[in-house]
2 protein chains.
Amino acid sequence: MKLPTSTEWVLHCAATLAQLRPAETASAAQLAAYYDLPAPYLAKQLQALTRAGILSATTGPRGGFRLARAAKDITMLQIVEAVDGAAAPYECREIRQQGRGGLTPDECQETCPLARTMAEAHTAWRASLTAVSLADILAELPSGAPTRTRRILMG
Amino acid sequence: MKLPTSTEWVLHCAATLAQLRPAETASAAQLAAYYDLPAPYLAKQLQALTRAGILSATTGPRGGFRLARAAKDITMLQIVEAVDGAAAPYECREIRQQGRGGLTPDECQETCPLARTMAEAHTAWRASLTAVSLADILAELPSGAPTRTRRILMG
DNA sequence: GTAGGTCTACTCGGATAAGACTTGTCCGAGTCGACTAGG
DNA sequence: CCTAGTCGACTCGGACAAGTCTTATCCGAGTAGACCTAC
């Protein structure tokens with residue numbers, strides 16, 4: 001069970017974009033330089049966030065990415081699932097219905113306790129990530145952080 | 001973020017072994033036939049559980065696997081981490097210290113809020129799986145299940 | 001001085017290869033049970 | 001009939017390939033701004 005490396009990238013990039021002023025944008029190249037990341041691949045991930053409706057992209061000179069809505073309305077879970085997909089890590093393939101010990105379908109009307117337990121754990125994980133928004137992350141940074149970030153990123 | 005397919009296999013196999021009487025064993029071939037799984041690969045996964053101290057293996061005729069301790073002392077998490085490893089899905093590589101925007105190490109004494117949030121979600125997931133033991137799973141099965149399982153598995 | 005047109009340069013977007021990991025398979029070492037022969 | 005020895009077959013254990021997904025890269029389509037020219 002592993003999240004893509006790019007998860008860390010987009011989380012940091014989203015937190016960085018959240019420090020910009022409204023209507024300001026940052027290009028994929030600027031963000032890549034800011035964190036020393038491979039620019040083309042980072043751009044691909046930012047596209048995924050755009051498709052998910054978390055970022056908004058503008059083309060042309062002075063274009064780039066910006067948050068599509070307020071930081072307090074963007075949860076960690078939304079960002080993670082935008083790059084990794086929303087599929088649950090445990091996929092029940094109903095092997096209890098296969099082989100010599102196979103159960104009949106009507107014996108399996110209730111979901112198997114194993115799958116239910118795994119699903120509950122996934123729900124707990126999602127709930128934990130839903131409880132934290134980008135705004136919560138920003139609140140933990142030093143007060144001077146946005147100014148520094150904007151200067152280095154745009155400068 | 002995906003768990004190996006074999007996770008479902010070993011969970012069901014562990015639940016099956018928990019229905020045997022003490023000192024009874026089931027071989028990898030018997031379990032594979034019971035669920036119609038590729039026997040050699042299933043054996044590989046059961047080995048992992050043996051290394052983790054969850055199962056106990058005996059060789060020779062009439063040998064096979066059995067639980068290494070009581071079902072109530074085996075948690076779902078222990079089984080899952082035996083096959084998938086205990087590594088957290090989100091790995092913080094401290095990219096905030098790289099690139100133009102890199103922070104100095106002494107600015108990073110506190111763990112980054114993003115990594116901490118992801119770690120807390122992982123903790124919630126683990127706690128949810130620790131709360132359920134194999135005995136809890138067995139308690140949800142019909143009362144006649146162990147008899148049927150033993151007859152089909154061994155017979 | 002101002003407005004329109006064109007042109008350039010910069011942006012994102014999707015389609016295309018290489019590497020890593022999961023999945024799947026095989027054969028060898030060890031051990032318990034059964035058979036046989038002797039007492 | 002009982003017991004010791006030997007044989008055989010079944011078990012797990014680790015080492016070895018193929019498929020699939022993540023990672024990484026490239027080039028093309030589109031657009032906003034800047035420049036130049038005409039009025």
Side-chain angles (χ1 to χ4, degrees), chain A residues 1-10 13 17 23-33 35-66 68 80-85 87 89-91 93 95 153-154, chain B residues 1-10 13 17 23-33 35-66 68 80-85 87 89-91 93 95 153-154:
Chain A
M1 190 174 58
K2 191 166 70 76
L3 283 169
T5 308
S6 48
T7 307
E8 184 181 5
W9 304 356
V10 296
C13 286
L17 290 174
E24 271 183 341
T25 61
S27 71
Q30 286 173 324
L31 289 168
Y35 288 118
D36 190 23
L37 300 175
Y41 187 37
L42 175 62
K44 184 183 181 62
Q45 308 306 325
L46 295 176
Q47 286 173 29
L49 268 70
T50 303
R51 275 196 297 271
I54 296 170
L55 298 186
S56 168
T58 39
T59 64
R62 308 272 305 168
F65 297 93
R66 68 173 187 278
V80 171
E81 291 195 338
V83 293
D84 186 58
Y90 180 85
E91 182 188 359
R93 300 189 185 177
I95 67 168
L153 182 64
M154 320 289 249
Chain B
M1 191 174 57
K2 191 166 69 75
L3 282 170
T5 307
S6 49
T7 307
E8 183 181 5
W9 305 356
V10 297
C13 285
L17 291 174
E24 271 184 341
T25 62
S27 70
Q30 286 174 323
L31 289 168
Y35 288 116
D36 191 24
L37 302 175
Y41 188 37
L42 174 62
K44 184 184 181 66
Q45 308 306 326
L46 294 176
Q47 286 173 31
L49 267 72
T50 303
R51 275 196 298 272
I54 297 170
L55 298 185
S56 168
T58 39
T59 64
R62 308 274 304 167
F65 296 93
R66 68 174 187 277
V80 171
E81 292 196 337
V83 292
D84 186 58
Y90 180 85
E91 182 187 0
R93 300 188 184 179
I95 67 170
L153 182 64
M154 320 288 249

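Protein chains get the first letters and strands the later ones, always in sequence-line order, with residue 1 at the start of each. Atoms considered below: every heavy atom in the structure, side chains included; atoms not considered: hydrogens, waters and symmetry mates. Quantities reported herein were computed from a predicted structural model and do not represent experimental measurements.
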By side-chain contact (heavy atoms from CB on, under 4.5 Å) - contacts of Arg62(B) (at least two apart): none
5′-ward residue of the pair Gly60(A)/Thr59(B) relative to DNA chain C: Gly60(A)
On a heavy-atom basis, which atom in Glu91(A) and which in Glu8(B) lie closest, and how many Å separate them? O-OE1, 3.4 Å
Answer with base, sugar-phosphate or nothing: what part of the nucleic acid does Ala29(B) contact at a heavy-atom distance below 4.0 Å? nothing
What is the distance, rounded to the nearest whole Å, between atom CZ of Arg62(A) and atom C1' of dT8(C)? 17 Å
Protein-proximity profile, nucleotides 20-25 of chain C, B/S/- by nucleotide at the 4.0 Å heavy-atom cutoff, equals ---BBB
Shortest non-hydrogen contact from Ala26(B) toward Leu153(B): CB-CD2, 3.8 Å
Answer yes or no: is there a donor N or O on one side and an acceptor on the other, between the side chain of Ser6(A) and the main chain of Trp9(A), under 3.5 Å? no
Minimum-distance pair of heavy atoms, taken over all atoms of Ala52(A) and Ala82(A): CB-CB, 3.7 Å
Using a heavy-atom cut-off of 4.0 Å across all strands, would you classify Ala57(B) as base, sugar-phosphate, or nothing? sugar-phosphate
Within the distance-only criterion (no hydrogens, no angle test), does the side chain of Asp84(A) pair as donor or acceptor with the backbone N or O of Met1(B) below 3.5 angstrom? yes
So the contacted stretch of DNA chain D, first to last nucleotide with an atom under 4.0 Å from a non-hydrogen atom of chain A, runs from dT23(D) to dA32(D)
Whole-Å distance separating the CG atom of Leu31(A) from the P atom of dT11(C): 11 Å
In terms of heavy-atom contacts, Gln45(B) and Val83(B) come closest through OE1-CG1, 4.3 Å
So which atom in Met154(B) and which in Glu24(B) form the shortest heavy-atom distance, rounded to 0.1 Å? CE-CD, 3.8 Å
